[in-house]
Number of protein chains: 2
Amino acid sequence: MADIIAKTRRPGAPSGLAARAGESSCERTPTGVTRALNDAPLPGRAAADKTLLRRPIELLFFAYRDFTGIADRKLATIGFGRAHHRALYFIGRVPGIAVGELLDILCITKQSLAPVLREMLRARYIVQRADAADRRRRRLFLTERGLDLERELTRRQSRLIAKAFAAAGADAARGFDAVLRGMVGGRDRRRFFGQ
Amino acid sequence: MADIIAKTRRPGAPSGLAARAGESSCERTPTGVTRALNDAPLPGRAAADKTLLRRPIELLFFAYRDFTGIADRKLATIGFGRAHHRALYFIGRVPGIAVGELLDILCITKQSLAPVLREMLRARYIVQRADAADRRRRRLFLTERGLDLERELTRRQSRLIAKAFAAAGADAARGFDAVLRGMVGGRDRRRFFGQ
DNA sequence: GCAATTATGTCAGCCATGTTGACGTATTTT
DNA sequence: AAAATACGTCAACATGGCTGACATAATTGC
């Protein structure tokens with residue numbers, strides 16, 4: 001499960017309006033998976049397996065899938081994908097961010113980012129302005145339109161998290177924060193989450 | 001950020017041994033992103049923005065990236081990707097799972113799964129056996145080899161989570177569980193996490 | 001002031017992982 | 001015997017990554 005929890009998009013499936021609020025919507029047959037799952041002995045050598053944190057691993061997988069799916073469905077309506085969302089989000093988060101800085105946050109190549117920026121520039125979700133001091137650098141900003149989209153997407157994901165926070169309580173929310181923070185590598189933790 | 005937090009693989013980059021334990025490893029220039037980030041005013045209309053849960057959204061994005069990256073690096077050494085990991089994981093989790101049931105959990109098409117199963121069958125990580133009662137159904141099992149790989153991957157991800165749990169405390173770990181559980185859609189929650 | 005470096009963009013080709021649609025085949029159900 | 005189910009496969013296509021090579025403008029360093 002590098003991937004357990006990873007998964008890219010599912011372009012076709014929940015594009016339009018499919019999927020009951022927040023769910024994956026890919027039922028096939030009402031076969032006995034559920035039963036099988038609950039009865040399933042953990043794989044192999046029981047002793048060694050006990051230290052494996054399968055429950056949190058699976059929770060991350062499914063929670064992340066639903067978390068991204070909720071924005072993916074909106075993005076699909078305008079022909080954008082996750083790559084657009086990531087760029088849009090961080091341009092909103094760091095107004096005036098330079099292209100190179102954005103690449104550094106996203107950890108992708110400029111060749112991957114290029115078409116994404118190009119489409120969002122063309123569709124007027126973002127604008128570029130040369131840096132006053134160093135005119136080689138292109139600073140990126142959201143337009144009104146971009147701001148609206150970014151906030152709509154962030155709002156959807158916020159609602160899902162807020163619902164979970166409300167159900168689990170404030171203490172749980174703090175625990176959620178602390179654990180995730182501990183999972184983030186030093187560099188990103190330092191620059192995004194302090195200490 | 002459907003995607004904030006999504007991101008597929010980065011085949012090239014941290015494939016072999018690159019990346020300092022658990023980190024993303026894609027530094028470019030020591031530009032002022034960090035400063036920019038901390039100083040950045042939240043985007044637009046401050047009032048409306050207050051209800052947006054940007055911190056947990058970003059935590060999920062970066063934590064998930066590191067969580068998957070830790071297994072991706074191992075997978076890359078044998079030419080497998082996340083798709084292989086997902087299938088491998090759930091075949092291990094539900095020994096004897098039928099192909100259709102696996103599709104139902106993964107939410108992908110059989111055409112997407114086919115090459116993944118084929119490669120893992122050929123390389124002897126999994127085996128198929130016809131169901132005794134209904135010989136149309138192909139039940140899938142891990143081989144010794146597959147069990148070893150699955151456990152190595154799960155161990156890596158478990159260690160990352162265990163480290164975060166240890167640092168955050170048992171209460172935080174429970175909160176983490178409760179919040180993620182609240183984020184998982186009803187169907188998957190029911191069949192994987194009870195109630 | 002000229003050379004080197006930096007920031008960005010672009011073209012071309014490749015790979016992994018998804019999608020659809022159409023069809024084939026064995027097996028079970030009706 | 002016919003219909004439905006479970007699975008497999010072929011073909012075409014999209015997304016979003018990657019690499020390498022090269023171009024251009026602006027800044028920095030000697």
Side-chain angles (χ1 to χ4, degrees), chain A residues 2-3 6-16 18 26 28-31 65 68-69 72 75-76 79-87 97-104 106-119 121 128-140, chain B residues 2-3 6-15 18 26 28-32 65 68-69 72 75-76 79-87 97-104 106-119 121 128-140:
Chain A
D3 179 54
K7 263 225 94 214
T8 31
R9 294 166 70 198
R10 276 166 297 136
S15 264
C26 45
R28 295 162 52 89
T29 48
T31 40
R65 173 198 280 181
T68 55
D72 286 347
L75 288 161
F80 282 0
R82 290 191 180 179
H84 300 85
H85 190 185
R86 276 193 289 271
I97 191 173
V99 173
E101 293 169 343
L102 186 53
L103 292 175
D104 187 46
L106 299 180
C107 285
I108 58 173
T109 60
K110 61 179 174 173
Q111 294 93 328
S112 294
L113 184 58
V116 169
L117 290 185
R118 200 160 25 206
E119 289 166 47
L121 283 164
Q128 276 185 332
R129 262 174 27 211
D131 181 285
D134 182 345
R135 307 225 322 281
R136 289 172 307 181
R137 312 188 73 195
R138 263 90 156 178
R139 299 198 162 279
L140 303 168
Chain B
D3 181 50
K7 261 226 98 216
T8 30
R9 294 165 70 198
R10 275 166 298 137
S15 264
C26 47
R28 294 164 51 90
T29 48
T31 41
R65 172 197 283 183
T68 55
D72 286 347
L75 288 160
F80 281 0
R82 291 190 179 179
H84 300 86
H85 190 184
R86 277 192 290 270
I97 190 172
V99 173
E101 294 169 342
L102 186 53
L103 291 175
D104 186 46
L106 299 179
C107 285
I108 58 175
T109 60
K110 61 177 173 173
Q111 295 93 325
S112 296
L113 184 57
V116 169
L117 290 185
R118 201 163 21 210
E119 290 166 45
L121 282 165
Q128 277 186 333
R129 263 174 26 211
D131 182 285
D134 182 347
R135 307 227 320 282
R136 289 172 306 180
R137 312 188 76 197
R138 263 90 157 178
R139 298 198 163 278
L140 302 167

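Residue numbers start from 1 in every chain, and the chains themselves are labelled A, B, ... in the order their sequence lines are given, proteins ahead of strands.
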Exercise. Would you classify B/E119 as touching base, sugar-phosphate or nothing, given that sugar-phosphate means primed atoms plus P, OP1 and OP2, and contacts are heavy atoms under 4.0 Å?
Key: nothing
Quiz item: Under 4.0 Å: is that the gap between some side-chain N or O of B/T109 and OP1 or OP2 of C/dT19?
Solution: yes
Quiz item: Hey, does the side chain of A/S112 come within less than 4.0 Å of D/dC18's phosphate (OP1/OP2), counting only N and O?
Solution: yes
Quiz prompt | Whether A/R65 side chain and B/L106 backbone form a donor-acceptor pair below 3.5 Å | solution = yes
Practice problem: Specify the closest pair of heavy atoms between A/L140 and A/V99, including all atoms of both residues, with the distance to one decimal. | Solution: CD1-CG2, 4.1 Å
Quiz prompt | With sequence neighbours excluded, residues passing side-chain hydrogen bond (donor to acceptor under 3.5 Å, both in side chains) with A/R139 | solution = A/D131
Quiz prompt | Gap between atoms CG and P, on A/L103 and D/dT19 respectively (whole Å) | solution = 12 Å
Quiz prompt | Proximal nucleotide (of D/dT9, C/dT17, C/dT8) relative to the B/A114 side chain | solution = D/dT9
Quiz item: When you check every protein heavy atom under 4.0 Å of nucleotides 20-30 of chain D, what one-letter string (B, S, -) results, 5' to 3'?
Solution: BB----BS---
Exercise. Find out whether B/L121 and B/Q128 are in side-chain contact, i.e. whether some heavy atom of one side chain is under 4.5 Å from a heavy atom of the other.
Key: yes
Practice problem: Identify, with sequence neighbours excluded, every residue that meets side-chain contact (heavy atoms from CB on, under 4.5 Å) alongside B/R136. | Solution: B/D134
Quiz item: Which distance, rounded to the nearest 0.5 Å, do you find between the NE2 of A/H84 and the CG of A/L75?
Solution: 9.0 Å
Exercise. With DNA chain D as reference, determine whether A/L113 or B/L117 sits nearer its 5' end, using the nearest nucleotide of each.
Key: B/L117
Quiz prompt | Any A/R118 side-chain nitrogen or oxygen under 4.0 Å from OP1 or OP2 of C/dT10 | solution = yes
